[in-house]
Peer 1: 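Let me begin by handing over the structure; questions about it come next.
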Amino acid sequence: MSQVTPITEVFEAKPQEKLLSEYRVAEFTVSTLDLEFDLFDNNTLVKATSEVQRTSKHSEPLFLFGEQLKLVALMVDNRDYSDYQLVEGGILIHNLPDQFTLQITTEINPQSNKAFEGLYKSGDAFCTQCEAEGFRRITYYLDRPDVMAKFTTKISADKTLYPALLSNGNLVAQGELDNGRHWVSWADPFPKPAYLFALVAGKFDCLKDTFTTKSGKKVALELFVDIGNLDKTAHAMLSLKNAMKWDEQRFNLEYDLDIYMIVAVDFFNMGAMENKGLNIFNSKFVLANAQSATDQDYLGIEAVIGHEYFHNWTGNRITCRDWFQLSLKEGLTVFRDQEFSSDLGSRPVNRIANVKIMRNNQFAEDAGPMSHPIRPESVMEMNNFYTLTVYDKGAEVIRMIHTLLGEAKFQQGMQLYVQRFDGQAVTCDDFVAAMQDASGIDLTLFKRWYSQSGTPQVNVSDYFDSTQNSYQITFKQKSLATADQKNKQVLHIPVNLELLDGDGNAFDLGNGRRHQVLSLTQKEQTFVYKNIATKPVPSLFRDFSAPVKYQYAYSDPQLLHLIHFASDDFSRWDAGQMLFNKYLLINVLQKKSNQKMALPPVFIEAFRSVLISDDLDPALITDMFEFVSEAGAMELFECVDIEALHHAREFMLEQLAIELKDEFVSAYQNHQVTGDYQPVSADIANRKLANLALLFISRADPLAANKLVITQIQQSDNMTDHLGALLAANRGQLDCRDKVMSDFEDKWHHNGLVMDKWFSLQATSLDSAVLSNIKALFQHRSFDFSNPNRLRALVGAFVQNNPYYFHASDGSGYQFLTEQLIKLNEQNPQVASRLITPLIQFKRLDEHRKQLIKEQLNRLLQLDNLALDLFEKVSKALTQ
Ligand code: TRP
Ligand code: ZN
């Protein structure tokens, strides 16, 4: 056992949490900021000239945030000024007039910046990442989102190495300098918070296009990628134009500058960033062609390009008052990108994908030590709150408002929101007020979703009175205490309900309505329906109308009925999930007590009927067979038996594979796509089902699968099918596995993004040598520990998606992750803090594993330079 420092001591030694309740209006504000960058790898000079005003009568000093800066000069109203103090986290400037010009020169080192926050080098290019609080690593500034200024940016750099010099807004001037350098200057006419600032300098290939807005304004579109990657840019550009058009049509929102630029970089902590007029993207969400990207990659690009574009209104024109309000822009923008993908592609498939994220990941976050409401009340490190809760549960909350208001009133609410708050930094309350005022629908109770954490549970029971033809259905809601919040309130929960008769037709719920959105607003509520002739099967939470766990004692035949007849495709899928989970729980118990595991015929027949159904979209058939992930299934237990869960789940998949082998073989044959690769819904759906079938065939008939895999790789013209074959080879441990894996490596080792798929396959292998293989791969020619994408592909995939080995009872998985976190702690704490997730969500594990994990967490806590990002999570995990 390692030495344990008492937790209270550690808390005292570390900075305090910041509280939403302590929000105060800034004492100074900035109207304009003129930036001048003289770019050099190790010593870039930044001259920042701002016009600053006191916001009220007071004589406080001016505090400016600043981190890792070297102060070179400070002037007030053009005179050297020395009445300042450098303090922890910034600078205090004393005895200032009410209004003044402040000029600060700092020196920074982009080359040594491996945290990828502030100004850094991604490969040969300079780029920035300022959200949430990275601007303070560029210059001393009032780095808070409610301080909005008009920015101009002048950049000078070597002309051959950095022909492209980019920043926000419109290009206003450029010129030549001595020593082979040149300069460009940009002006952004829209006041903005510092987190939306961006600068890029580099040598790129550029794809140019234009978009004409509905009011006839011509916008230049420019997409910058590393030299040689132009053949992978078409889909991103198409997605951008689709997003611009869609936002005009559905939300009546038009683009506002003359130019929209996107730069793809290889070193990036997150997906992408919505900097005004100059988005910076992880190259993963830009680059795609048929050979190197899968259908999922294409869809991911569409979603992220859309997401960042939609931020121009929901985030940039209207931004957040403070970071506690992050969901104001993120929840809303995720909702918008989900709708975009649903309108362009398959709505049910998108809905199911969103719900999987909630159930497989967000629910666990909400039940773990980092549990927080979508509008957190206390934060140590803001970077830790770019969470599934703020983003995805935040989007679910917006979606519930949409469900309660309907599309028309929701859009009126959006128009009012934009009218009222354009150009301002506002709160979640402001958003809800606009929705309420425009619709006339009372959202007072509903607003609790913003302040209450945890996943509510809804238990449903019913009673049918055949003498009265009356049906009553009772809902009981409860929310368990979470790590951050003991007392829970009743929430306003919308339940989209349908009642099916024995033939699968929906009963009339009054006035010809075949389904209805009920509002639960009390702990317990009963609804009564008259004129119901036979006992109905209720279809509950259609379209996942609320982010809750719900429970109703469905019999197997009732679930089968829903699978066949629910009018909502999501509900059909959900019934299949419930059937699977029911037998997963049963078989885990069997396995634990060394009893024989089994599946009843009705289970197999339910899925057989799905597989051979000709009214279901092949994409949906595939989804029906994509069950709760092993990691996600941990949420189904109070205390989870890792081994029993793994074996029970594998057993069920294998039984399905064996029993439905012929149907999978037919599905494989019937869903082959002919013709050139196109990332269109129908083809995507067919490839998805064929590759799923191949995966099941590999479990039931490895010899047949081996042949199919080899042929598929030889004949495929696209990465989707190539990867589908590799996945089957790995899952089924097929004879061809080593060969097809090494051929792939041979072909793609120069392409990091493609190799990420290969690294992830290695990391999720069920071979008992998986961990030593992973360790060996750190030396692989395509691996780079400092690249977040590579790390997530190898380490992230192992810890998230290989729970059986990550949770090995000897603690080797925990120890391995901890060692990586120690290495990352100084270099890139943001990425470390994301990778740690499965190590802090241990409450459902057995005592033995909990103990092993706590030892590792304590090891982290002993580090004398533990980053705040990790400290916040580790300390919360140890005191939960
Ligand atoms: N605002 C970005 C988005 O949602 C998120 C983001 C990108 C981010 N890079 C970041 C957040 C770095 C924190 C740190 O699209
Ligand atoms: Zn976002």
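One-based numbering, in listed order, for ligands and for the atoms of each.
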Peer 1: Charged N to carboxylate O under 4.0 angstrom, Asp188 versus Lys276?
Peer 2: no

Peer 1: Is there a nitrogen or oxygen of Glu330 sitting under 3.5 Å from a nitrogen or oxygen of ligand 1?
Peer 2: yes

Peer 1: Is Arg136 reaching over with its side chain to a backbone N or O of Asp143, donor-acceptor style, under 3.5 angstrom?
Peer 2: yes

Peer 1: Nearest N/O/S atom of Glu330 with respect to the Zn ion (ligand 2), by atom name, please.
Peer 2: OE1

Peer 1: Can you name the atoms of ligand 1, numbered from 1 with element, that are less than 4.0 Å from a heavy atom of Gln830?
Peer 2: 12 (C), 14 (C)

Peer 1: For atom 14 (C) of ligand 1, what's the nearest protein heavy-atom neighbour? Residue, atom name and distance, please.
Peer 2: Glu131 O, 3.2 Å

Peer 1: Any atoms of ligand 1 less than 4.0 Å from a non-hydrogen atom of Asn383? List them with their elements.
Peer 2: 13 (C), 14 (C)

Peer 1: Which atoms from ligand 1 have a heavy atom of Gln129 less than 4.0 Å away?
Peer 2: 9 (N), 10 (C), 12 (C)

Peer 1: Examine Lys241 relative to Phe211 and say whether NZ or CZ is less than 6.0 Å from the centre of the six-membered ring and inside a 45° cone about the ring axis.
Peer 2: no

Peer 1: Within 45° of the six-membered ring axis of Phe197 and under 6.0 Å from that ring's centre, is NZ or CZ of Lys192 located there?
Peer 2: no

Peer 1: Write out the residue and atom name of the closest protein heavy atom to atom 15 (O) of ligand 1, then the distance separating them to 0.1 Å.
Peer 2: Glu308 OE2, 2.6 Å

Peer 1: Tell me, please, which residues at least two apart from Tyr195 pass ring-ring contact (aromatic ring centres under 6.0 Å, His included).
Peer 2: Trp323

Peer 1: If you measure from atom 10 (C) of ligand 1 to every heavy atom of His311, Met270, Glu117, which option wins on shortest distance?
Peer 2: Met270

Peer 1: Select one of side chain, backbone, both or neither to describe which atoms of Met382 lie under 4.0 Å from any atom of ligand 1, heavy atoms only.
Peer 2: neither

Peer 1: Do Arg250 and Phe340 form a cation-pi contact, if we require the NZ or CZ to be under 6.0 Å from the six-membered ring centre and within 45 degrees of the ring's axis?
Peer 2: no

Peer 1: Report the residues that fulfil salt bridge (Lys or Arg N to Asp or Glu O under 4.0 Å) with Asp392, sequence neighbours left out, ordered by chain and then residue number.
Peer 2: none

Peer 1: So if I count the atoms of ligand 1 from 1 in the order they appear, which ones are less than 4.0 Å from some heavy atom of Lys329?
Peer 2: 1 (N)

Peer 1: Mark up the atoms of ligand 1 that fall under 4.0 Å of a heavy atom belonging to Met273, in ascending order.
Peer 2: 1 (N), 2 (C), 7 (C)

Peer 1: Do Thr106 side-chain atoms and Ile138 backbone N/O form a donor-acceptor pair below 3.5 Å?
Peer 2: yes

Peer 1: Relative to Phe65, does Arg144 satisfy both conditions: NZ or CZ under 6.0 angstrom from the six-membered ring centre, and within 45 degrees of the ring's axis?
Peer 2: no

Peer 1: Should you measure from each heavy atom of Ala272, which atoms of ligand 1 turn up under 4.0 Å away?
Peer 2: 2 (C), 3 (C), 5 (C), 6 (C), 7 (C), 15 (O)

Peer 1: Give a rough value, rounded to 10 degrees, for the angle at the Zn ion (ligand 2) between atoms NE2 of His311 and NE2 of His307.
Peer 2: 100°

Peer 1: Is Lys18 salt-bridged to Glu22, going by a charged N under 4.0 Å from an acidic O?
Peer 2: no

Peer 1: For ligand 1, note which part of Thr333 has a heavy atom under 4.0 Å away: side chain, backbone, both or neither.
Peer 2: neither

Peer 1: Could you list the atoms of ligand 1 found under 4.0 angstrom from a heavy atom of Tyr391?
Peer 2: 1 (N), 2 (C), 3 (C), 4 (O), 5 (C)

Peer 1: Under 3.5 Å, side chain of Ser292 to main-chain N/O of Ala288, donor-acceptor pair present?
Peer 2: no

Peer 1: Report whether any nitrogen, oxygen or sulfur of Glu274 sits less than 2.8 Å from the Zn ion (ligand 2) (N, O or S, backbone or side chain).
Peer 2: no

Peer 1: Check each atom of ligand 1 against the heavy atoms of Glu274 and keep those under 4.0 Å away; list them by number with element.
Peer 2: 1 (N), 2 (C), 3 (C), 15 (O)

